[in-house]
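I have placed the structure first, in the form of structure tokens, so that the comments after it can refer back to it.
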Amino acid sequence: MKRESIEPFFATLQAANPQPVTELEYTSVFELLAAVLLSAQATDVGVNKATRRLFPVAGTPQAMLALGLERLEGYIRTIGLYRTKARNLMETCRLLVERHGGRVPRTREELEALPGVGRKTANVVLNVAFGEPTMAVDTHIFRVSNRTGLAPGKNPLEVELELIRRVPPAYAVNAHHWLILHGRYVCVARTPRCWECAVARWCDYQPKTPPSGAGR
DNA sequence: ATCCCGAGGG
DNA sequence: CCCTCTGGAT
């Protein structure tokens, strides 16, 4: 993707979705952290389905600890990797209470010290909860960044650094959401819907033929 | 590089 | 059946 294409690329995504929001459901920073932790290699729809039952009874780290590992597993059994996630979430709650007064810390270093929280999850919390211009490179953003040529990279960290370098400051805070939504609904993994893509004219990816009968 | 690991879609 | 989903720890 040409450098002069980046501005119109984001301006177009912004026009289509002026106030992008996370599709994970949460009512507090703690719930956001828990939801993002649970969302690894899982769909937000699947996570919401579980947390809508879980959070009313475990909306704080203290309540989660009181719930206990076995019952937590019961709530999230329908999410992939649930045993690892249950163990990590319980341990994270213990650390939140013991080290952080039951609150979610605001620095990358403290967040990444929590089990189950890596660079991507920390980036999401810093962006969504605290408004920082971080680039959380998940499967969608990795794919869209490489496919379009917006920010090529061999691994998520390379893509993240390239995004920080290339995304204009005016779009930096919301870039995460625009790229996610674009990847989830248009620039999908298997058969990208290029025939209905609003930013296709600036994209490096070529196969843009609609399946017969699709589109309008 | 490998393991974890269920649900939904093609 | 195979692929994908807002990855992290070893």
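Labels below follow one simple rule: chain letters A, B, ... track the order of the sequence lines, proteins then strands, and each chain is numbered from 1.
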Check the distance between [N]'s [atom2] and [X]'s [atom1] and give it to me in whole angstrom.
{"X": "A:Ile79", "N": "C:dG8", "atom1": "CD1", "atom2": "P", "answer": "15 Å"}
{"X": "A:Phe142", "N": "C:dG8", "atom1": "CZ", "atom2": "P", "answer": "14 Å"}
{"X": "A:Leu111", "N": "C:dG7", "atom1": "CG", "atom2": "C1'", "answer": "15 Å"}
{"X": "A:Glu73", "N": "B:dC5", "atom1": "CD", "atom2": "P", "answer": "9 Å"}
{"X": "A:Arg193", "N": "B:dG10", "atom1": "CZ", "atom2": "C1'", "answer": "13 Å"}
{"X": "A:Asp138", "N": "C:dT6", "atom1": "CG", "atom2": "P", "answer": "8 Å"}
{"X": "A:Leu89", "N": "C:dG8", "atom1": "CG", "atom2": "C1'", "answer": "14 Å"}
{"X": "A:His140", "N": "C:dC3", "atom1": "NE2", "atom2": "C1'", "answer": "13 Å"}

Under 4.0 Å between a side-chain N/O of [X] and OP1 or OP2 of [N], yes or no?
{"X": "A:Lys49", "N": "B:dG6", "value": "no"}
{"X": "A:Thr43", "N": "B:dG8", "value": "no"}
{"X": "A:His176", "N": "C:dT6", "value": "no"}
{"X": "A:Arg184", "N": "C:dT6", "value": "yes"}
{"X": "A:Arg119", "N": "C:dG7", "value": "no"}
{"X": "A:Arg143", "N": "C:dT6", "value": "no"}

Describe the nucleic acid contact of [X] in one word from base, sugar-phosphate, nothing, applying a heavy-atom distance below 4.0 Å.
{"X": "A:Val124", "result": "base"}
{"X": "A:Thr121", "result": "sugar-phosphate"}
{"X": "A:Ala42", "result": "base"}
{"X": "A:Leu114", "result": "sugar-phosphate"}
{"X": "A:Gly80", "result": "base"}
{"X": "A:Pro115", "result": "sugar-phosphate"}
{"X": "A:Gly46", "result": "nothing"}
{"X": "A:Val117", "result": "sugar-phosphate"}

*Assign the ring pair A:Phe10 / A:Trp178 to parallel, tilted or perpendicular, where the plane angle (0 to 90°) is split at 30° and 60°.*
tilted
[M] and [N], which share atom name [atom1], separated by this distance in whole Å:
{"N": "B:dA7", "M": "C:dG8", "atom1": "P", "result": "22 Å"}
{"N": "C:dC5", "M": "B:dC5", "atom1": "C1'", "result": "12 Å"}
{"N": "C:dT6", "M": "B:dG10", "atom1": "P", "result": "14 Å"}

*Among B:dC4, C:dT6, C:dC5, which is the nearest nucleotide to the side chain of A:Ile180?*
C:dT6
_Is the terminal nitrogen or CZ of A:Arg147 (NZ for Lys, CZ for Arg) located under 6.0 angstrom from the six-membered ring centre of A:Tyr205 and within 45° of that ring's axis?_
yes
Please check: side-chain N/O of [X] versus main-chain N/O of [Y], any donor-acceptor pairing under 3.5 Å?
{"X": "A:Asn146", "Y": "A:Gly153", "result": "yes"}
{"X": "A:Lys85", "Y": "A:Gly116", "result": "no"}
{"X": "A:Asn127", "Y": "A:Pro133", "result": "no"}
{"X": "A:Asn48", "Y": "A:Glu23", "result": "yes"}

*Would you sort out whether A:Arg143 and A:His140 count as a side chain to side chain donor-acceptor pair (under 3.5 Å), showing the intermediate values?*
CA-CA 5 Å; A:Arg143 179 181 64 254; A:His140 292 301; 2.9 Å; yes
*Mapping A:Asn88 and A:Asp44 onto DNA chain C by nearest heavy atom, which one lands closer to the 5' end?*
A:Asp44
*Which residue lies more 5' along DNA chain B, comparing A:Arg190 with A:Gln41 via nearest heavy atoms*: A:Gln41
